[in-house]
Amino acid sequence: MLSTEMDPTDTLLSLVPKVTPRDRQILSDLYDHQVLTTHHLHQLHFAERSVRMVRLRMQQLRTYGLVSSFRPYAHAGTSPNHWVVDQLGLQWLAAQRNTTLTELDSRADHRMRIALHHQLGHVLGLADTFVAFTLAARRTRPASLERWYSERESARRWGRHIRPDAYLQWDQDETELHAFVEYDTGTEPLTKVVRKMKGYTNLATESALASIVLFAVHSDQRAEHLLDKLATAPSAQLRIVGAYVSTHERLNKHGPERAVWRAPGDHGGHGQRLSLVDIALRHPRKEQGRDDSE
């Protein structure tokens with residue numbers, strides 16, 4: 001590791017010729033998603049290379065002091081490395097994004113907080129979903145994942161009404177889908193999950209743009225129960241909110257771009273399944289929610 005006796009700025013300057021554009025994107029992704037495994041990084045940034053190449057490069061970034069890793073307890077076998085941005089990496093990102101460490105919410109114990117966080121499974125599952133959408137955009141032409149705002153960024157933009165797990169813009173076949181993502185691990189009662197629709201309703205009412213919400217749940221049974229509850233929720237009577245449900249397995253096995261989404265009222269075991277393009281066509285662009293920078 002680089003000497004800690006150097007001034008942090010001097011240390012960062014010494015790294016400028018060593019840190020590649022891909023390294024910079026890795027640091028950004030680690031910050032935005034809080035933690036990513038070696039497997040996530042392989043799929044996102046080293047698709048044409050071996051896992052060994054991922055490990056070697058991440059070890060080098062750790063030597064630079066930009067990242068660190070941990071392995072959570074595993075009931076069987078061993079866990080893969082879970083990577084996070086280290087303090088020097090946060091300083092790099094602050095400079096890269098022309099902001100301050102305070103704005104990045106950096107605290108000295110952030111690595112331990114992530115490693116011990118009781119919602120680590122939720123964070124990793126949401127990262128799985130981001131990877132699924134990214135890979136879907138790569139294999140689907142012409143399609144692109146134009147935006148993906150993390151949980152942190154989504155809270156900054158819409159926290160007054162709702163705190164989504166993510167926000168995305170998917171472009172395909174001359175359609176645009178702007179949607180919020182809710183990743184459900186099954187630990188919350190469905191009544192609490194459905195209550196989030198009130199926040200999306202308030203946001204849609206204030207912005208005069210529809211709130212599209214994509215729910216990813218852990219099982220077909222939970223999907224059925226959620227569809228039932230969403231169908232009778234007050235938001236179901238309003239055209240300004242659109243809810244769609246799929247499962248983690250379907251997103252990973254078939255891809256989120258495929259016909260894997262179902263809407264409340266379209267259930268019953270053999271209800272119509274919709275693709276992202278189908279959902280976009282149900283909600284014309286001028287009616288869809290968008291991010292506050294537009």
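Only this structure's heavy atoms are used, side chains among them; waters, hydrogens and symmetry mates stay out. When a residue number appears, it is its place in the shown sequence, counting from 1.
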Non-hydrogen atoms of [X] and [Y] that approach each other most closely:
X: Asn252; Y: Ala132; answer: OD1-CB, 4.0 Å
X: Pro256; Y: Leu276; answer: O-CG, 3.3 Å
X: Val194; Y: Lys229; answer: CG2-CB, 3.7 Å
X: Arg282; Y: Ala263; answer: NH1-CB, 3.6 Å
X: Ala259; Y: Arg273; answer: O-CB, 3.3 Å
X: Leu93; Y: Ser28; answer: CD2-OG, 3.7 Å

Using 4.0 Å as the upper bound for N to carboxylate O, is an ion pair formed by [Y] and [X]?
X: Arg222; Y: Asp184; answer: yes
X: Glu206; Y: Arg160; answer: yes
X: Asp23; Y: Lys18; answer: no
X: Arg163; Y: Glu182; answer: no

Heavy-atom distance under 4.5 Å between the side chains of [X] and [Y], does that happen here?
X: Phe130; Y: Asp32; value: no
X: Thr247; Y: His218; value: no
X: Arg262; Y: Leu227; value: yes
X: Asn81; Y: Trp83; value: yes
X: Leu44; Y: Leu36; value: yes
X: Val35; Y: Phe70; value: yes
X: Ser211; Y: Phe180; value: yes
X: Ile279; Y: Trp170; value: no

Can you tell me if [X] uses its side chain to pair, donor with acceptor, with the backbone of [Y] under 3.5 Å?
X: His82; Y: Pro80; result: yes
X: Arg22; Y: Val19; result: no
X: His42; Y: Met53; result: no
X: Ser79; Y: Arg71; result: no
X: Thr140; Y: Ala137; result: no
X: Thr129; Y: Gly125; result: yes
X: Thr63; Y: Gln59; result: yes
X: Ser246; Y: Val260; result: yes

Calculate, to the nearest 0.5 Å, the distance between atoms [atom1] and [atom2] belonging to [X] and [Y] respectively.
X: His161; Y: Thr205; atom1: NE2; atom2: OG1; answer: 9.0 Å
X: Leu177; Y: Leu168; atom1: CG; atom2: CG; answer: 6.0 Å
X: Ile26; Y: Arg24; atom1: CD1; atom2: CZ; answer: 12.5 Å
X: Thr100; Y: Leu90; atom1: OG1; atom2: CG; answer: 11.5 Å
X: Leu203; Y: Ser207; atom1: CG; atom2: OG; answer: 5.0 Å
X: Glu249; Y: Asp220; atom1: CD; atom2: CG; answer: 7.0 Å

Looking at [X], I'd like to know if its [atom1] atom is crowded, meaning that more than 12 non-hydrogen atoms belonging to other residues, nucleotides or ligands lie closer than 6.0 Å.
X: Gln25; atom1: CD; value: yes
X: Gln96; atom1: CD; value: yes
X: Arg138; atom1: CZ; value: yes

With side chain to side chain contact (heavy atoms under 4.5 Å, CB included) as the test, pick out the partner of Ser68 among Leu88, Leu61, Val84, Val85. Val84

Among Arg55, Arg52, Arg57, exactly one meets side chain to side chain contact (heavy atoms under 4.5 Å, CB included) together with Phe46. Which residue is that? Arg57

Cut-off 3.5 Å, side chains only: do His40 and Asp29 have a donor facing an acceptor? no

Do Ser144 and Glu146 have side-chain atoms, one donor and one acceptor, less than 3.5 Å apart? yes

Trp158 ring center near Tyr167 ring center (under 6.0 Å): yes

Does the gap between the ring centers of Trp261 and Phe215 come in under 6.0 Å? no

Would you check, one step at a time, whether the test side-chain contact (heavy atoms from CB on, under 4.5 Å) holds for Met58 with Val67? CA-CA 8 Å; Met58 295 308 295; Val67 304; 4.2 Å; yes

Yes or no on side-chain contact (heavy atoms from CB on, under 4.5 Å) for Gln119 and Thr185, after CA distance, side-chain angles and deciding distance? CA-CA 10 Å; Gln119 288 194 334; Thr185 60; over 6 Å; no

Pi-cation contact, Tyr31 with Arg97 (under 6.0 Å, within 45°): no

Checking Glu257 against Ser275 for the side-chain contact (heavy atoms from CB on, under 4.5 Å) test, could you report, in this order, the C-alpha distance in whole Å, the side-chain angles of both residues, the deciding distance, and whether it holds? CA-CA 6 Å; Glu257 80 280 17; Ser275 68; over 6 Å; no

Do Tyr64 and Leu101 belong together in a cluster built from hydrophobic side chains that touch within less than 4.5 Å? yes

What do the steps show when you test Trp92 against Leu15 for side-chain contact (heavy atoms from CB on, under 4.5 Å), and what is the final call? CA-CA 10 Å; Trp92 177 285; Leu15 291 175; 4.0 Å; yes

If the plane angle is over 60° it's perpendicular, under 30° parallel, otherwise tilted; pick one for [X] and [Y].
X: Tyr183; Y: His122; result: perpendicular
X: His283; Y: Tyr244; result: perpendicular
X: Trp148; Y: His33; result: tilted

